[in-house]
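To find a chain, count down the sequence lines: A is the first, B the second, and so on, and within it residues start at 1. FYI, side chains are in, hydrogens and waters are out, and symmetry mates aren't considered; it's all heavy atoms of this structure.
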2 protein chains.
Amino acid sequence: MSPELRADAQRNRAAILAAASETFAEHGPKATTEQVAIRAGVAVGTVFRHFPTKQALLVAIMKESLHRLIAKAAESTLFDFMTEIVDEAVRTQTVVAAFTGPQLDIRDALMGLTEEMRRLLEQAKDAGEVRSAVQVDEVMALLTAAAQAAQQGGWSVDLRRRTLAIIFKGLAP
Amino acid sequence: MSPELRADAQRNRAAILAAASETFAEHGPKATTEQVAIRAGVAVGTVFRHFPTKQALLVAIMKESLHRLIAKAAESTLFDFMTEIVDEAVRTQTVVAAFTGPQLDIRDALMGLTEEMRRLLEQAKDAGEVRSAVQVDEVMALLTAAAQAAQQGGWSVDLRRRTLAIIFKGLAP
DNA sequence: TCCAAAGATGAGTCTCCACTCAGGTTGCGA
DNA sequence: TCGCAACCTGAGTGGAGACTCATCTTTGGA
């Protein structure tokens with residue numbers, strides 16, 4: 001589909017993605033393009049050759065974050081998965097940014113995450129761990145709220161566990 | 001304490017505070033100083049004469065927001081108060097900004113809010129509406145999380161009610 | 001090996017915004 | 001009423017950060 005990239009271009013693109021992933025995870029979306037370029041061992045112009053805008057690069061990273069999460073959902077349970085996502089949000093700022101991102105591509109990935117949540121939710125209901133009246137949007141709302149606040153408020157592991165415990169009790173029958 | 005302001009200066013200061021309150025409530029902390037100045041019918045220089053930095057002005061507004069909330073706590077119950085705060089957060093962006101603000105002055109006001117929450121929490125425990133094991137920091141964490149997410153996610157009234165209902169159930173005995 | 005096209009470079013442009021200050025205006029005490 | 005200190009004004013300064021592009025370098029097919 002894409003007209004083959006030259007070898008050096010491929011190398012640089014990979015380096016930029018890796019660097020952006022780390023940089024945005026660490027400093028959030030407000031990290032500069034130059035920070036990414038330096039970390040990738042490349043000039044700013046090169047970053048813009050591969051990604052037309054900083055936003056486009058960010059979106060690529062956020063999608064990657066979400067897809068990594070979605071992949072983990074397969075072999076998990078609702079409560080474990082929610083815990084994992086909140087923990088991941090504290091680790092990498094990109095996750096929370098993705099939850100708030102208005103970009104179309106991200107909306108799609110978020111929809112994918114929602115689908116997985118729906119599946120885990122049904123599973124939890126069948127196991128009698130969650131009230132049958134609970135809806136997915138409520139679970140997603142609670143999840144994004146906890147993830148966002150945990151990250152921005154610098155919640156300790158302990159506080160995260162206790163807060164989630166209250167939420168889980170709220171979901172239980 | 002302060003050396004009397006001239007009449008016009010007093011008028012302008014009041015206009016600036018009112019304008020800033022509306023502007024920041026509407027557009028959040030990223031609103032520009034010039035937007036505030038225009039709304040106050042004043043030149044930018046005047047804004048900076050009354051408040052040394054934009055941050056200082058923002059802090060003044062955020063403190064005001066918090067104190068207004070604290071005042072309402074007196075004649076409310078825990079669950080009603082939490083609902084009210086989340087609703088207010090959706091209305092005025094300043095509230096959420098205050099929850100995340102690292103400024104010292106705000107930390108003080110937040111402490112005041114925490115004290116009120118502690119009081120309402122004890123009251124709710126006595127009424128048998130909340131488990132005695134629940135701690136204030138957990139309640140504050142859940143509150144800020146819901147407020148922040150509701151505001152940034154544009155939660156509908158309905159979703160806010162349903163989400164809070166789950167949290168309340170999680171707090172109940 | 002050679003060279004044209006693809007790619008890389010990084011100083012420079014552009015835009016936005018907080019903040020300043022020289023010069024004009026106004027309130028108010030004497 | 002006068003005079004001046006307190007105020008106000010808004011064009012200008014400085015810095016940050018996204019993005020560009022003329023110029024140089026590298027790749028890979030002939």
Side-chain angles (χ1 to χ4, degrees), chain A residues 1-62 93-94 97 101-103 105-106, chain B residues 1-62 93-94 97 101-103 105-106:
Chain A
M1 36 183 289
S2 308
E4 291 300 317
L5 282 181
R6 236 170 59 177
D8 56 344
Q10 275 181 37
R11 236 179 301 124
N12 283 337
R13 171 174 257 272
I16 289 166
L17 280 170
S21 187
E22 293 170 16
T23 307
F24 287 136
E26 204 168 310
H27 306 291
K30 70 179 200 310
T32 37
T33 313
E34 197 170 347
Q35 275 178 277
V36 174
I38 290 173
R39 194 155 192 160
V42 131
V44 262
T46 306
V47 176
F48 284 104
R49 158 167 276 264
H50 289 277
F51 300 90
T53 63
K54 171 186 170 176
Q55 196 55 217
L57 176 55
L58 233 186
V59 166
I61 300 300
M62 291 192 289
Q93 303 208 22
T94 324
Q103 304 291 327
D105 284 356
I106 291 178
Chain B
M1 41 184 287
S2 307
E4 291 300 318
L5 281 181
R6 237 169 61 176
D8 56 344
Q10 276 180 36
R11 237 180 299 125
N12 282 338
R13 170 174 259 271
I16 289 166
L17 279 170
S21 187
E22 293 170 16
T23 308
F24 288 135
E26 204 167 311
H27 305 293
K30 70 179 201 309
T32 56
T33 312
E34 196 169 349
Q35 275 178 276
V36 173
I38 289 173
R39 194 155 192 163
V42 130
V44 261
T46 305
V47 176
F48 284 104
R49 155 166 278 263
H50 288 278
F51 300 90
T53 63
K54 170 185 171 178
Q55 197 54 216
L57 176 56
L58 232 186
V59 166
I61 301 299
M62 291 193 288
Q93 303 208 22
T94 325
Q103 305 292 327
D105 285 356
I106 292 176

Would you please confirm or rule out a distance under 4.0 Å between OP1 or OP2 of [N] and any side-chain N or O of [X]?
| X | N | value |
| --- | --- | --- |
| B:Thr32 | C:dC17 | no |
| A:Asn12 | C:dA8 | yes |
| B:Thr33 | C:dC17 | no |

Do A:Val36 and A:Phe24 have side chains that approach each other closer than 4.5 Å (heavy atoms only, starting at C-beta)?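 Result yes, sub-4.5 Å side-chain heavy-atom pair found.
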Nucleotide [N], atom [atom2] - distance to [atom1] of [X] in whole Å:
| X | N | atom1 | atom2 | value |
| --- | --- | --- | --- | --- |
| A:Glu4 | C:dG7 | CD | P | 11 Å |
| B:Glu34 | D:dG10 | CD | P | 11 Å |
| A:Gln10 | C:dA6 | CD | P | 15 Å |

What distance separates [X] [atom1] from [Y] [atom2], expressed to the nearest 0.5 Å?
| X | Y | atom1 | atom2 | answer |
| --- | --- | --- | --- | --- |
| A:His27 | A:Thr32 | NE2 | OG1 | 8.5 Å |
| B:Asp8 | B:Arg13 | CG | CZ | 13.5 Å |
| A:Thr23 | A:Gln35 | OG1 | CD | 6.5 Å |
| A:Phe51 | A:Leu17 | CZ | CG | 4.0 Å |
| A:Thr94 | A:Glu22 | OG1 | CD | 11.0 Å |

Let me know, please, whether B:Gln55 or A:Val42 comes out on the 5' side of the other along DNA chain C by nearest nucleotide.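 Residue closer to the 5' terminus by nearest nucleotide: A:Val42.
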Of the residues in residues 46-54 of chain B, which ones touch DNA chain C at a heavy-atom distance under 4.0 Å?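 Output list: B:Phe48, B:Thr53, B:Lys54.
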Under the salt bridge (charged side-chain N to carboxylate O under 4.0 Å, His left out) rule, collect the residues that match up with A:Glu26, sequence neighbours excluded.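 Only A:Arg39 meet the salt bridge (charged side-chain N to carboxylate O under 4.0 Å, His left out) criterion with A:Glu26.
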Where protein sits on nucleotides 21-30 of chain D, one letter per nucleotide: B base, S sugar-phosphate only, - none, heavy atoms under 4.0 Å: -----BSS--
How close do A:Leu5 and A:Gln10 get, heavy atom to heavy atom, and via which atoms?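 In this case the closest contact between A:Leu5 and A:Gln10 is O-NE2, 3.2 Å.
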